[in-house]
Number of protein chains: 2
Amino acid sequence: MLEKPDRAIRVAIVEDNTGVREGLSFLIDGSPGLSCVGAFGDAESFLAAADRLRSNVVLMDIDLPGMSGIDAARRLKAQQTPSLIVMLTVYGDDEQIFESLRAGACGYLLKTTPPAQLVDGITTVYRGGSPMSEAIARRVVASFQRPTPKDLALADLTRREREVLDLLSRGFRYREIAAQLDIGLETVRTHIRNIYDKLEVRSRTEATAKYLGGDLV
Amino acid sequence: MLEKPDRAIRVAIVEDNTGVREGLSFLIDGSPGLSCVGAFGDAESFLAAADRLRSNVVLMDIDLPGMSGIDAARRLKAQQTPSLIVMLTVYGDDEQIFESLRAGACGYLLKTTPPAQLVDGITTVYRGGSPMSEAIARRVVASFQRPTPKDLALADLTRREREVLDLLSRGFRYREIAAQLDIGLETVRTHIRNIYDKLEVRSRTEATAKYLGGDLV
DNA sequence: CCCTCAATCCCACAAAAGGGGGAGGCAGCC
DNA sequence: GGCTGCCTCCCCCTTTTGTGGGATTGAGGG
């Protein structure tokens, strides 16, 4: 039952707007090397069909009637189906970007993406890349940069204290830290007390949270 | 003192290999809209000159004699100079990628990047994007996805145990956890023992690392 | 009814961590 | 020469954790 050339990248579409959906389907089938193997108006019907589709790439809208595209991505990942998911949406707010990536999306394109770049994005994700609209990529990258409230406090730490804190946050015991730095256990304790003073914390876990910038508490 | 057209993107290069450095300089000056305003063989001399360069984009090698490109990026960010930093290196290991991004890099390109895409990357980062080689982008995106080895172990935890683990990972003491859950201290201890058993860890920090999916150790 | 399991609590002991104090050596600075 | 900051180590003590054994209740299933 071959309807399409076998080597083409099998693309599925989940998009509730009929016009957009058909436009995408048309674009994909009109692109050499790409084949649209399914187009769905909601996440539920897509998930129901996902198994037999054997799609390589899924273009997923986020704002769908019923289940959201993000939840759909999560479900798809939970299944055995190893599709590459590219979110295709009008929203570019941090919340949805990071939720999507956590849910397993490999790419994130805005609907303003020109057709040629959309096609390029599909081949890119299939090649092992992660297509993202420019502004999206910047936000993703920016998320790695510590907002630096911690850097201020951490800036007061001496070199040695930083070393100790680093090891401390990795879970090493005092004696293990002492061994690694080749100093005495009491010295480690002194450093740690000074670190706690400067960071205004009272335990290893709190210090780790501050060090890693994770505002856990 | 205008040596170059004023509207060109001012690009600085930090790269210890002379041949590569000159090649990059040549490429940039030969690209319309780009101007190489400085090329340095080490981080120190670049940082010393950074103020007067007024570069918009810095192409930064990582493996340099003396200070590493990552440290240089950190320093540059610490200065007031608001240059956009694009790492350009042969290394693509996770450690260096994420350290670079944390240090403030806005892009990460491998040296295998073709000249045309390199030029494109410079304009992209100047436009507000974050150029990354395909494999790099995928790693960055993948870092958001909980590797889910933890989910498997975590799946065995009971509802109560999850609650305790969550509080435990936030640094609360046993008695504080007990108070919040309105149970006895001994019960908390029992839960924690069971959690440690199931997660196969022996300390709070290890449990936290597994819970947060952060492979700290 | 018996069994399992989650959830609760208890005792005891050892190891680790946290908090107070003090102190010496050494480098750099005024 | 004094002063300061960093690194180093020591004492004593309390609190918190980790580990070993238990036990009881209640819900749910075979």
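Every chain is numbered from 1 and lettered A, B, ... according to where its sequence line falls, protein lines coming before strand lines.
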Output the rounded distance in Å from [atom1] ([X]) to [atom2] ([N]).
X      : N      : atom1 : atom2 : result
A/L168 : C/dA16 : CG    : C1'   : 12 Å
A/L181 : D/dC9  : CG    : C1'   : 15 Å
B/I183 : C/dA7  : CD1   : P     : 10 Å
A/I192 : D/dC9  : CD1   : P     : 14 Å
A/E206 : D/dT16 : CD    : C1'   : 13 Å
A/E176 : C/dA17 : CD    : P     : 8 Å
A/R175 : C/dA17 : CZ    : C1'   : 11 Å
B/R162 : C/dA7  : CZ    : C1'   : 16 Å

Note, [X] side chain near [Y] side chain (heavy atom, < 4.5 Å):
X      : Y      : result
B/L84  : B/N56  : no
A/S130 : B/V140 : no
B/L118 : B/L24  : yes
B/T123 : B/L34  : yes

task: To the nearest 0.5 Å, tell me how far B/R160 CZ sits from B/T190 OG1.
output: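 Between B/R160 CZ and B/T190 OG1, I get 12.5 Å after rounding to 0.5 Å.
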
task: Apply the test salt bridge (charged side-chain N to carboxylate O under 4.0 Å, His left out) to residues A/D166 and A/R162: give CA-CA distance (whole Å), side-chain angles for both, the deciding distance (0.1 Å), then the verdict.
output: CA-CA 6 Å; A/D166 186 65; A/R162 284 166 196 276; over 6 Å; no

task: Choose from D/dC7, C/dG18, C/dA16 the nucleotide whose nearest atom is closest to any side-chain atom of A/T158.
output: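 The listed nucleotide nearest to A/T158's side chain is D/dC7.
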
task: For residues B/R173 and B/R204, report the shortest heavy-atom separation together with the two atoms involved.
output: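 Scanning both residues completely, I find the closest heavy atoms to be N-NH2, 3.8 Å.
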
- prompt: Can a donor-acceptor pair under 3.5 Å be found between the side-chain atoms of B/R193 and the base atoms of D/dG21?
  reply: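 Yes.
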
OP1, OP2 of [N] versus side-chain N and O of [X]: anything below 4.0 Å?
X      : N      : answer
A/Y174 : C/dA15 : no
B/Y196 : D/dT19 : no
B/R173 : D/dT15 : no
B/R204 : D/dT17 : yes

field: Nearest-nucleotide comparison on DNA chain C, the residue closer to the 5′ end among A/D197 and B/R159
entry: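 Closest to the 5' end, via its nearest nucleotide, is B/R159.
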
query: Where does the angle between the aromatic ring planes of B/F144 and A/F98 fall among parallel (under 30°), tilted (30 to 60°) and perpendicular (over 60°)?
result: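 B/F144 vs A/F98 ring planes: parallel.
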
field: Any donor-acceptor pair under 3.5 Å from A/R138 side chain to B/C106 backbone
entry: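 No, because the side chain of A/R138 does not come within donor-acceptor range (under 3.5 Å) of the backbone of B/C106.
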
- prompt: Which residues within residues 184-191 of chain B lie with some heavy atom under 4.0 Å of an atom in DNA chain C?
  reply: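 Residues of residues 184-191 of chain B that come under 4.0 Å of DNA chain C are, in numerical order, B/G184, B/E186, B/T187, B/R189, B/T190, B/H191.
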
message: Each nucleotide in nucleotides 25-30 of chain D should get exactly one letter: B, S or -. Can you fill that in based on protein heavy atoms under 4.0 Å?
response: ------

- prompt: Are A/R74 and A/E99 within salt-bridge range, i.e. N to O under 4.0 Å?
  reply: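 Yes, this pair counts.
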
